[in-house]
Amino acid sequence: MNNIDLILDSIKEDAENEAQDILSKAKKEGQELIEDRKKEAEKKAQAIILAAENQADLYIKNSEITANRQARDIKITAQNDVVKAILEKLKEKLKTISDKDYKKYVLKSLENIKAKDGQILLQEGKKELFKADELKGYKISSESVEEGFVVKSGKIEYDNRFSSLIDYKKDEFERQIIEEIFK
């Protein structure tokens, strides 16, 4: 072998070594780059997972709040329906009050009316229960009311119908019913 061959072999060997070094460095840099990208991707994935978990927690809390609100609304609606039904039954029951209790109610209520004269409209079928001198000077009208009674004195009307009195004190009755039934 001559010198040129030795030089060529040496250059070739150096080139191969350098190529190997370059390939090793490239592989190492490639691996490092892959590792860095993996770590970066894992961080991003963790951030996405954390954000999704937070979003899920928020959604669950909002759903619970909404469900509780809806349950409360359903309960309130049911309570209101029960109270309304009780008040309606009370109105109906008062329409069929006994003659004795009706007379007592009218006479007791007349004590609280300030008018001195006028007409009294009694519940239909109950006019015969009263004598003229019992009605504190009020004349029995030919007109009648469905329930309770009404006193007309000039332009003033004293409404003592059971339904009107119940409607007037509705809030108080509702509160009492709720306290008794839904303790």
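Note that the coordinates shown come from a computational prediction; the quantities given were computed from them, not determined experimentally.
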With no hydrogens and no angle check, just 3.5 Å: does a side-chain donor-acceptor pair link Ser144 and Gln123?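 Gln123 and Ser144 do not have a side-chain donor-acceptor pair below 3.5 Å.
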
Non-neighbouring partners of [X] that pass side chain to side chain contact (heavy atoms under 4.5 Å, CB included), sequence neighbours left out:
X: Thr66; result: Arg69, Gln70
X: Ser142; result: none
X: Glu29; result: none
X: Glu111; result: Lys108, Lys136

Pairing residues for [X] by the side chain to side chain donor-acceptor pair (under 3.5 Å) criterion, not counting sequence neighbours:
X: Asp99; result: Lys126
X: Ser164; result: Asp159
X: Asp101; result: Ser98

Single-linkage hydrophobic cluster, 4.5 Å side-chain cutoff, [X] and [Y] together:
X: Leu129; Y: Val150; answer: no
X: Ile113; Y: Leu121; answer: no
X: Val151; Y: Leu107; answer: yes

For Ser163, does its backbone N or O pair with a side-chain atom of Glu147 as donor and acceptor, under 3.5 Å?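 Answer holds: yes.
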
Search all heavy atoms of Ser109 against all heavy atoms of Phe149 and return the closest pair with its distance.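 Minimum heavy-atom separation between Ser109 and Phe149: CB-CZ, 3.5 Å.
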
Donor-acceptor contacts under 3.5 Å from residues 169-179 side chains, at least two apart:
none

Does Glu134 have any salt bridge (Lys or Arg N to Asp or Glu O under 4.0 Å) partners at least two apart in sequence or in another chain, and if so, which?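 Glu134: salt bridge (Lys or Arg N to Asp or Glu O under 4.0 Å) contacts with Lys103.
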
If I take atom CG from residue Leu122 and atom CD1 from residue Ile140, how far apart are they, to the nearest 0.5 angstrom?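 Reported to 0.5 Å precision, the distance equals 5.5 Å.
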
Would you say [X] has more than 12 foreign heavy atoms packed within less than 6.0 Å of its [atom1]?
X: Arg72; atom1: CZ; value: yes
X: Glu18; atom1: CD; value: no
X: Lys139; atom1: NZ; value: no

Do any side-chain atoms of residues 41-57 form donor-acceptor pairs under 3.5 angstrom with protein atoms, and if so which ones, sequence neighbours left out?
unit_1 : atom_1 : unit_2 : atom_2 : d
Asn54  : ND2    : Leu50  : O      : 3.4

Name all pairs fulfilling the salt bridge (Lys or Arg N to Asp or Glu O under 4.0 Å) condition that reach into residues 77-93, sequence neighbours left out, sorted by first residue then second.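 Those involving residues 77-93 are Glu88-Lys91, Lys91-Asp167, Glu92-Lys95.
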
Residue pair [X] / [Y], side-chain heavy-atom distance below 4.5 Å:
X: Asp117; Y: Tyr138; answer: no
X: Val145; Y: Asn160; answer: no
X: Ile120; Y: Val106; answer: yes
X: Ser141; Y: Lys152; answer: no

Test ring-ring contact (aromatic ring centres under 6.0 Å, His included) applied to Phe162 - qualifying residues, sequence neighbours left out: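 Phe162: ring-ring contact (aromatic ring centres under 6.0 Å, His included) contacts with Tyr105.
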
